[in-house]
There are 2 protein chains.
Amino acid sequence: MAQNVYKAHDHHACIDSAVSRARTLCEEQGARLTPVRQRVLELVWANHKPVGAYDLLPKLAEEGFNSAPPTVYRALDFLLDLGLVHRISSLNAFIGCTHPGEAHPSCFFVCRECGEAQELDAEQVNKIARQAEQMLGVKVEQQMTELMGLCPRCQDAV
Amino acid sequence: MAQNVYKAHDHHACIDSAVSRARTLCEEQGARLTPVRQRVLELVWANHKPVGAYDLLPKLAEEGFNSAPPTVYRALDFLLDLGLVHRISSLNAFIGCTHPGEAHPSCFFVCRECGEAQELDAEQVNKIARQAEQMLGVKVEQQMTELMGLCPRCQDAV
DNA sequence: GGAGATTAGGTTATAATGTTGCAATTCTAC
DNA sequence: GTAGAATTGCAACATTATAACCTAATCTCC
C-alpha cells in the first residue's frame, strides 16, 4: 500500500520528493523536466485531490506561463508517459503518482465528498489481468481501477 | 467469467436477451422502459464495442426519435442506474452489461485495435475494495476496472 | 562552432463530450 | 378526472480535449 493520505503528514515533503523523483527519472530517461512541466507537476501535487487540466490553466497564467489548453495537456501527457502522474478517467482529472519509475497499473480510491484520492496497491488487478490473459487469450497492456466512496474523515463528518 | 465475446455467437440473441432482461428488471423495479430507452439499449447492444453518446444521436434521429444530447444522456443514465449498461470512462463510451440485475462492479477488457470489450469477473476487484476498507477505513460504493490491450483476433492480425 | 535534426512551446481555432433550466406532455394513483 | 410525479422536447451553454501550423530552443554530429 502506498503512503496513506489520510494520516497527517508534511505535505511540502510530498511535493519536494515528487519533484526530485521526477528530476532523477528524467535524467535516467534523457527527458527534459522543463519549467512548465515541473510547475504542472508541483500544481498536481498541491494536494491529494485529482485536478482538472482546466483548473491548472489560471494558476499557470498567474505565474506568467503560457496558459492555453495545449500547454497544459502537453505537460500532462509528458508526465503521464513517464508515470509521474495518473489520470482518473471517471473524473477527467490528474493526480500525482506515489511511486513513479516503473510502469504500473493505476489503482485509486477517490472520496466522493472531499475528492481526495488514495493510491492503492494493484496486485489484485494484476491477477485479473493474468486471469484474462489465460482464459481469454487477450494481451493486457494497461490497467486502471477506480474505487469511489467515502474516506474515513467524510464518513465521520456525516 | 461472463459470456466470451471472442467466440462466434448469434448476436441477435444477445440483443434480444438484453432487452428481455431489461423488461423484467424494469417491471420488478417499477421503472418504465420507454421507446427511447429501449432503443438506446438496443443500439448500445448493436455490437460488443463501447459506443459514444454522440454516436447514438444520428441513429436515433434516423428513426424519428428526438436526437438532442439530453435525450441520449437521460436514457443512458436511466440504463446505468438500473445496471443495464456500464460506462467505460477511459473511452467516454457505454456498453451493455452482460449480467444486470444486481449491483456489481464494472470490469472490462477493451481491445485497443478493434475496440471490442469483454466483461470480466470482478471478484478480485472486490478484494481490493475490502482490503482498502480494512486498511484505510474507507467505504467503497462504486468500483470500475478497465484493462486495455489486444484481443486474440487482433494479436493474430499483426 | 555551425548545419541540420529533433524536441518543445505559442497561438488560434475547433472538436468532442456532457449539463442546465424550463416548458410541455404523459403517466399513475387516488 | 385531477393532482402530482415522471418523462420528454428544446435551446443554450459548460467542460474537456485536440488539430494544425508555426516559431524557438536544444541537441547531435562532424
Side-chain angles (χ1 to χ4, degrees), chain A residues 22-23 25-41 43-44 49-82 84-95 110 115 144 146, chain B residues 22-23 25-41 43-44 49-82 84-95 115 146:
Chain A
R23 223 185 308 266
L25 198 59
C26 284
E27 273 172 27
E28 283 171 21
Q29 313 251 336
R32 286 155 57 197
L33 189 63
T34 61
V36 205
R37 288 168 174 176
Q38 176 173 334
R39 193 67 191 115
V40 167
L41 181 62
L43 288 170
V44 166
K49 303 179 186 183
V51 62
Y54 276 71
D55 296 330
L56 299 175
L57 287 177
K59 298 181 188 171
L60 288 174
E62 277 175 20
E63 304 174 17
F65 287 98
N66 176 39
S67 68
T71 300
V72 172
Y73 280 103
R74 281 171 188 151
L76 287 169
D77 283 346
F78 172 85
L79 297 170
L80 283 169
D81 281 347
L82 266 73
L84 291 165
V85 304
H86 290 287
R87 191 184 133 91
I88 306 292
S89 295
S90 55
L91 300 177
N92 298 324
F94 302 84
I95 188 160
V110 184
M144 53 157 282
E146 294 171 16
Chain B
R23 224 184 309 267
L25 198 58
C26 283
E27 273 172 26
E28 283 172 18
Q29 313 249 337
R32 286 156 58 195
L33 191 62
T34 61
V36 206
R37 289 168 174 175
Q38 177 172 336
R39 194 67 191 113
V40 167
L41 181 62
L43 289 171
V44 167
K49 303 179 187 183
V51 62
Y54 276 72
D55 296 330
L56 299 174
L57 287 177
K59 298 183 188 168
L60 288 174
E62 276 176 20
E63 302 173 19
F65 288 97
N66 176 39
S67 70
T71 300
V72 173
Y73 280 104
R74 287 196 279 237
L76 288 170
D77 284 344
F78 172 86
L79 298 169
L80 282 170
D81 281 348
L82 266 72
L84 291 163
V85 304
H86 290 287
R87 191 185 134 93
I88 307 291
S89 295
S90 56
L91 300 176
N92 297 325
F94 302 83
I95 188 159
E146 294 171 17

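Below, chain A is the first sequence line, B the second, and so on; all start at residue 1.
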Given that B/Thr71 and B/Asn92 both sit by DNA chain D, which one's nearest nucleotide is further toward the 5' end?
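The residue closer to the strand's 5' end, by nearest nucleotide, is B/Thr71.
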Map B/Pro69 and A/Leu91 onto DNA chain D by nearest heavy atom, then report which one ends up closer to the 5' terminus.
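The residue whose closest nucleotide sits nearer the 5' end is B/Pro69.
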If I take atom [atom1] in residue [X] and atom [atom2] in nucleotide [N], what distance separates them, rounded to the nearest angstrom?
X: A/Glu27; N: D/dC27; atom1: CD; atom2: P; result: 13 Å
X: A/Phe65; N: D/dA24; atom1: CZ; atom2: C1'; result: 17 Å
X: A/Gln29; N: C/dA8; atom1: CD; atom2: P; result: 13 Å
X: B/Leu33; N: C/dC27; atom1: CG; atom2: C1'; result: 15 Å
X: B/Asp77; N: D/dT8; atom1: CG; atom2: C1'; result: 14 Å
X: B/Asn66; N: C/dA23; atom1: CG; atom2: C1'; result: 14 Å
X: A/Tyr73; N: C/dA16; atom1: OH; atom2: P; result: 15 Å

Report yes or no: is there a donor-acceptor pair, N or O only, under 3.5 Å between the side chain of B/Arg74 and the base of C/dG18?
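By the distance-only test, no, there is no pair.
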Please, which pairs that meet salt bridge (Lys or Arg N to Asp or Glu O under 4.0 Å) have at least one residue in residues 25-36 of chain B, sequence neighbours excluded?
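Those involving residues 25-36 of chain B do not exist here.
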Between C/dT17 and B/Tyr54, is there a base-stacking contact, meaning the centre of the base's six-membered ring lies under 5.5 Å from the residue's ring centre while the planes stay under 30° apart?
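The base of C/dT17 is stacked with B/Tyr54 (centres under 5.5 Å, planes under 30°).
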Is the phosphate of D/dT16, meaning OP1 or OP2, less than 4.0 Å from a side-chain N or O of A/Arg87?
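For D/dT16, neither OP1 nor OP2 has a side-chain N or O of A/Arg87 closer than 4.0 Å.
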With a 4.5 Å heavy-atom cut-off, do B/Val40 and B/Phe65 have their side chains touching?
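Side chain of B/Val40 against side chain of B/Phe65, heavy atoms only: no contact under 4.5 Å found.
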What's the closest nucleotide to the B/Arg32 side chain, out of C/dG10, D/dA6, D/dT16?
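Selected nucleotide: D/dA6.
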Given D/dC10, C/dG9, D/dT8, the nucleotide with the shortest approach to the side chain of B/Pro70:
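That would be D/dC10.
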Treating B/Glu146 as the side-chain partner and B/Ser90 as the backbone partner, does any N or O pair qualify as donor plus acceptor under 3.5 Å?
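Yes; judged by distance alone, with no hydrogens or angles, the pair exists.
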Tell me, with the steps shown, if B/Arg87 and B/Asn92 meet side-chain contact (heavy atoms from CB on, under 4.5 Å).
CA-CA 7 Å; B/Arg87 191 185 134 93; B/Asn92 297 325; 3.2 Å; yes
Using heavy atoms to find the nearest nucleotide of DNA chain C for A/Phe78 and B/Ala53 separately, return the residue whose nucleotide is more 5′.
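Comparing both residues, the 5'-ward one is A/Phe78.
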Hey, which of A/Ile88, A/Leu43, A/Val44, A/Leu76 is the one that makes side-chain contact (heavy atoms from CB on, under 4.5 Å) with A/Val51?
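Result: among A/Ile88, A/Leu43, A/Val44, A/Leu76, A/Val44 is the only option passing the side-chain contact (heavy atoms from CB on, under 4.5 Å) with A/Val51.
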